[in-house]
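Contents: one structure, followed by commentary.
Proteins get letters first, then strands, A, B, ... in listed order; numbering begins at 1 in each.
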Amino acid sequence: MVDAFFSSGGGRDLSLKDKFLEFNWGFLLLLFAISSMGFAMLYSVADGSFDPWASRQMVRFAIGIVILFVAAFVDIRLWMNLAYPAYAGALVLLVAVEFIGFAGMGAQRWINLGIVQLQPSELMKITLILALARYFHGLTHEEVSRLRNLFVPAVLLGAPVALVLKQPDLGTAVLLGAVGVALLFLAGLAWRYFIIAGVGALAALPIAWNMLHDYQKRRVFTFLDPESDPLGAGYHILQSKIALGSGGLFGKGFMEGTQAHLNFLPEKHTDFIFTMLAEELGLAGGIALLGLYMMVLFFGISVSLQTRNQFGRLIAMGVTINFFLYICINVAMVMGLLPVVGVPLPLVSYGGTAMLTLMFGFGLLMSVYIHRNMEITRNPSAFW
Amino acid sequence: MLMDGKDNVRYKTFSRRAALIGGLQFAAFTALASRMYYLQIIKSGEYTMLAEENRINKRLLAPLRGEIVDRFGEVLVSNRQNFRVMLVPEQTPHIEATLEKLSRIVPLPDRQRARIIKDARTSPSFLPILVAENLDWETFAEVNIHEPDLPGIVPDVGDTRHYPYGPDLAHVVGYVAAVSEKDLEGKDDPLLKLPGFRIGKSGIERELDQELRGRAGASHVEVNAYGRVIRELAKDPGVPGAQVSLTLDMEVQKLATERLRGESASVVVMDIYNGDVISIVSAPGFDPNDFNVGISQKKWDALLNDPYNPLLNKSIAGQYPPGSTFKPVVALAAYESGMIDPNQKVFCTGKYSLGSHDFHCWKKHGHGAMNMHDAIMHSCDVYFYEVAKRIGIDRIEAMARRFGLGDTLGFEVPGEKKGFVPSQGWKRATRGEPWHQGETLIAGIGQGFLLTTPLQLAVMTARLANGGKAVTPRIVRKVGNELAQNGPLPDLGFSQSGLALMRKAMDSVSNVPGGTAYRSRITEAGMELAGKTGTAQVRRISRAERESGVLKNEDLEWRQRDHALFIAFAPVDAPRYAISVVVEHGSSGSGTAAPIARDVMKKVLERHPQREIAMRRSNEWREG
């Protein structure tokens, strides 16, 4: 019965032993190295204490590894079948957060599921990738660029973006949108759509501007000229730049960052953790972390290029792009290249949901890697 | 390859585009790394400086103000512990309740309490706020005992200026007070902005403020983003203010103060050779401690409205007609002019007629025939009317100026007045009127337009006694380790025989029976003084009044009475000290001023050996 679902010889089930052998342990080590830099910085933020941040972050990372393994060992075809239901579930939670969610840091983002508090928007980042990959897997190159086939991905992408914007969480909405658009691009959508959309977006910019909240507009203004308000909204950016700049080549030393430890630096355990790292460990430390990140990206792209099914390729790239955007937006923000938006530094910033969704995403990536040689028909006829 | 053809197209497109995205990612990372390089390497210096500015705060430490001592090292102005109570708002759960509890020990008026609560709201909650200061020891001790029940209350000991002699030295040493807006103009010493800082506002405290103040220390502290001090990084204790030693002899000063008690008066005693002021008293005084802690409106009004004018330093800023104490100056002018033979006699009938106007001698029925010596000894007015008329006002003016009258003397205590010496030119220029000969006559007896300060009178006497050397007064003996230096004094070019005659005449005033101050002579051998009395008329006596009988001073109200003056030098055979005594409305120079001068001068001479030893010792020390 299962065999009927797959087209050809590549569809042989892998045993657990096969999966262990295929598992890329080096990648896991890489993730551990990155997270460890996070633990170290969280230990430093607490003035040399594992409590309250570093220890909890370690526990989350451990849970994350379990999730990663589970996700990695699940058959890729099962993920394919779960793609739409998972997306639907996340969308329901995203709607629910409007009604039963609670506000954290000024936005309606959190939902309480009894034992865990959850940000449905984080969950959506993965399930959106799953759903879009699932959809485009079923289309041929010619079909992708047909106008009528654009309706479904437009809804799949548009609905969560709209809901997240309403929370309001501009950062996550931009991330979701960017990942979605990247997947459309990778799926082979014709260039003309991107050109038309680009022109359209430019035209819509003034309208979008008017829809921004005041605090978001202020952030843009202070981004454009942070020195105009050094004690107000520009303070964070300015202090972050001072911290970075004063770090120099090798930094002020672990736990010796004056800007961070004397509280001139805001949110240093979450959004501004990269600043603290670069202040204490210098350019050398910052470049080292970026190097590790780049290895992750390189791994993700190479996995996607090795994979013999479109679903897996899109997932691998989706996860990678999502990860990249996190890094890029966060680091650019703390260095004053982007307005302050609440995007954490992946695997390093303190935060449960982000850590777990990331590890889940990497689990999917690993599942793609393990099943990279599996070929899957465009139109699976039945569900399990 | 088992992949179907359609997937192959998809894969090619995917690969191309994935590579493009990978390239973009690499480009983005390169951009981020470049930005890091820019911030952390190229702009590192600038941002490092900003980070240090963020983190390091400089806190000023007020230096201990220098003491002021007399020539023997007796402490005249010192620093005292200031027991005060501070409040750290963040350490108390309830400020009002804590203050209420504290008020059972330290009285806290409502206004003060409101001020504290307002300060607590407006300043960072970890900064201490001054609640009360200058507490006595008992109250302070009680606050300390109850400290555990007073959360946030911190007993603290600071320094405050202390004037142990209070009013006795107020006019000399002056006082310190809080810095005003005006004091800040054009000054950039950051110490001035330190809360509770005091600067010299008058007297030596003001004149030598910079020297007494010292140099501020600084504590470099690390602070966090909210300004809380985390730790001290470095400390520069600063340099305490220099000790200032005055030429005063406090024992003499005390006696002089005692002798002037109840009077509105001045005493100045100085060394005629080096100008050292041994004692300078202006009575009554005021308590400089009041100004330091902040004087109450009531006390201030009382000082302002006191007819004895305690705020005026009469010794240097009180201006009085010199009266008969001026006569030696006129006599010397006459002597030097060559127009008067000192032995030539003028007959005094008690009055002197000039045109239709009569000028009276103080002795109603006259002195008879008087030569220069006798005229000074008996203070005969008629003799001096005649002499003044003959030599003219301009000779008198020139002589007065050589004696140091009519101008300031460069004394270190600020506030010196010039006094006044009239001349023909002055009157024409300022009043547009010609000089009248009558005005010369009354100038001849030290009245009319003439005004002198007690300090000028002492200097005048000193120049007469020291053989005509242009001595000037000084009161600062030593600042830190720097001894004040005296160069050789310029000679005023007086006729020495003339000076000798003046000294002989003043000797007679005090030591020959019949001299106007014979009753107030010093009888101890070797200590005798030579003086000159003066009684300066305050009111005008009308002709009608003179005919009906001039009222005695004792019968007049205080304000109408004559000023009593006396100048003297001693010892008469080898002069060393000069003194001037002025008692406002003291009625009679011989009756009121001369006895004071005698008592003070006696004390000065008694203590002369001690001063000599001390001076020699410090000179030796300086050379070694």
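Per-residue counts of heavy-atom pairs under 4.5 Å with chain B were compared for A/A278, A/A332, A/G251, A/A187; the largest is that of A/A278. Among A/H261, A/E279, A/M317, the residue with the largest count of heavy-atom pairs under 4.5 Å with chain B is A/M317. If you tally non-hydrogen atom pairs under 4.5 Å between each of B/Q25, B/K12, B/R55 and chain A, the highest count goes to B/Q25. Top candidate by heavy-atom pairs under 4.5 Å with chain A, chosen from B/E46, B/E222, B/K43, is B/E222. If you tally non-hydrogen atom pairs under 4.5 Å between each of B/R16, B/E52, B/R17 and chain A, the highest count goes to B/R17.
Across B/V223 and A/L262, no two heavy atoms sit closer than the pair O-CD1, 3.4 Å. B/F29 approaches A/L290 most closely through the heavy-atom pair CE2-O, 3.4 Å. Closest approach of B/M36 to A/I287, counting heavy atoms only: CE-N, 4.2 Å. The two residues B/A18 and A/L305 have their closest heavy-atom pair at CB-CD2, 4.2 Å. Closest heavy-atom contact between B/T13 and A/H141: OG1-CE1, 3.2 Å. Pairing each heavy atom of A/M335 with each of B/R35, the nearest pair is O-NH2, 2.7 Å.
With a threshold of 4.5 angstrom between heavy atoms, B/I42 does not approach chain A through any atom at all. Proximity to chain B (any heavy atom under 4.5 Å) is restricted, for A/F274, to the side chain, taken from C-beta onward. Neither the backbone nor the side chain of A/L265 comes within less than 4.5 Å of any heavy atom in chain B. Heavy atoms closer than 4.5 Å to chain A are found in both the backbone and the side chain of B/L32. Using a 4.5 Å cut-off between heavy atoms, A/L249 touches chain B through backbone and side chain atoms alike. Looking at A/L314, the atoms closer than 4.5 Å to chain B (heavy atoms on both sides) sit in the backbone and in the side chain alike. Residue contact with chain B, scored on non-hydrogen atoms closer than 4.5 Å, involves the backbone of A/F136 exclusively.
Atom CZ of A/F254 sits in a crowded spot, with more than 12 heavy atoms from other residues, nucleotides or ligands closer than 6.0 Å. Heavy-atom contacts from other residues, nucleotides or ligands closer than 6.0 Å to CZ of A/F250 number 12 or fewer. Residue A/M295 qualifies as open at atom CE: its count of foreign heavy atoms under 6.0 Å is 12 or below.
Residues B/L20 and A/F185 have side chains in contact (heavy-atom distance under 4.5 Å, counting atoms from C-beta outward). Between A/S246 and B/L50 there is no side-chain heavy-atom pair separated by less than 4.5 Å. Contact of the B/V9 side chain with the A/T140 side chain is not registered, since no non-hydrogen atoms from C-beta on lie closer than 4.5 Å. Within the 4.5 Å cutoff, no side-chain heavy atoms of A/L297 are placed close to those of B/F26.
Between the OG atom of A/S304 and the OH atom of B/Y11 there is a distance of 7.5 Å, given to the nearest 0.5 Å.
Residues passing the side chain to side chain donor-acceptor pair (under 3.5 Å) test with A/T258 are A/K252, sequence neighbours excluded.
A side-chain donor-acceptor contact under 3.5 Å links B/R10 to the backbone of A/H137. Not a single donor-acceptor pair under 3.5 Å links the side chain of A/R313 to the backbone N or O of B/S15.
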